[in-house]
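Input: a single structure, listed below in structure tokens.
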Amino acid sequence: MSRQIAIDGPAGAGKSTIAKAVAAKLGYIYVDTGAMYRAIGLHLMREGVNTDDEAEVNAHLDSADVRLAMEDGMQKVYLNGEDVTTAIRTEEAGMMASKTSAYSKVREKLVSLQQKIAADCSVVMDGRDIGTVVLPHADLKIFLTASVEERARRRFNELKKKGQQADFQAIMEDIAKRDYQDTHREISPLRQADDAILLDTSDMGIEEVTAKVIALAENK
Ligand code: DC
């Protein structure tokens, strides 16, 4: 029988790092749902769609074929057959994803894809609405969070490590804006499911959080 672990939380809380490590340890498939919303965001950006216009966004959804694939232990994201794994990682694509993920047609398309993946195999799925909407009967639900300052600091260090320009204040404002958009949208806003376990990782290292989630999974 397939098992499901849902990890939700705000941008930059470390969901993907933890989800990936837990999936590798348990032999489950890691599903990064944010990457799917980013791929749709990138598609709309490339098509020059006015994202304030929901009808225009809806009209461009059928032409976006989003797929996830595991290659050499790495998750790849494909948009209409093109590998966009790196292209979706810009702040712009993240903001576009945050904005367009508020539209019901965008969510319907991706939620159904996510549920199909989880029906076939054991998954660790991360996102914003996994425990509340996508996998309401998940075996384990985690709500991962950290302070805005700490999340901005992690993102800042990540960019610096890659040799990229980084402005701490701008990153913090961007994260706060994304938090607001994600928690205040009408459909499936980011919120902790009633039966989710809250983990504040502000003062916790990756290994400590991973070990905690694995212990919780094993106790289920
Ligand atoms: O996790 P991320 O930063 O890659 O996600 C990008 C955006 O996609 C995020 O700001 C909100 C949206 N998203 C969502 O609405 N639901 C999900 N399950 C995952 C992401």
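For this chain, numbers begin at 1 and follow the sequence in order. In listed order, ligands and their atoms are each counted from 1.
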Close side-chain approach of Asp182 and Pro10, heavy atoms under 4.5 Å: no

Glu207, CD atom: more than 12 neighbouring heavy atoms under 6.0 Å: no

Tabulated below should be the N or O atoms of ligand 1 paired with protein N or O atoms at under 3.5 Å; can you produce that?
from     : atom 1 : to     : atom 2 : distance (Å)
ligand 1 : 1 (O)  : Arg128 : NH1    : 2.9
ligand 1 : 1 (O)  : Arg128 : NH2    : 3.4
ligand 1 : 3 (O)  : Arg38  : NH2    : 3.2
ligand 1 : 3 (O)  : Arg128 : NH2    : 3.3
ligand 1 : 3 (O)  : Arg178 : NH1    : 3.0
ligand 1 : 4 (O)  : Arg38  : NE     : 2.6
ligand 1 : 4 (O)  : Arg38  : NH2    : 3.4
ligand 1 : 10 (O) : Arg178 : NH1    : 2.9
ligand 1 : 10 (O) : Asp182 : OD1    : 3.4
ligand 1 : 10 (O) : Asp182 : OD2    : 3.0
ligand 1 : 15 (O) : Ser101 : OG     : 3.3
ligand 1 : 15 (O) : Arg107 : NH1    : 2.8
ligand 1 : 15 (O) : Arg107 : NH2    : 3.4
ligand 1 : 15 (O) : Arg185 : NH1    : 2.8
ligand 1 : 15 (O) : Arg185 : NH2    : 3.1
ligand 1 : 16 (N) : Arg107 : NH2    : 3.0
ligand 1 : 18 (N) : Thr33  : OG1    : 3.0
ligand 1 : 18 (N) : Arg128 : N      : 3.1
ligand 1 : 18 (N) : Asp129 : OD1    : 2.9

Any pair counted as ring pair (Phe, Tyr, Trp, His ring centres under 6.0 Å), so long as it reaches residues 82-136, sequence neighbours left out: none

Salt bridge (Lys or Arg N to Asp or Glu O under 4.0 Å) between Asp139 and Lys220, worked out: CA-CA 7 Å; Asp139 300 279; Lys220 281 278 170 179; over 6 Å; no

Working for salt bridge (Lys or Arg N to Asp or Glu O under 4.0 Å), residues Lys15 and Asp32: CA-CA 9 Å; Lys15 298 186 298 290; Asp32 176 359; over 6 Å; no

Pair Glu150-Arg153, salt bridge (Lys or Arg N to Asp or Glu O under 4.0 Å): steps then yes or no: CA-CA 5 Å; Glu150 176 58 22; Arg153 198 181 58 75; 2.8 Å; yes

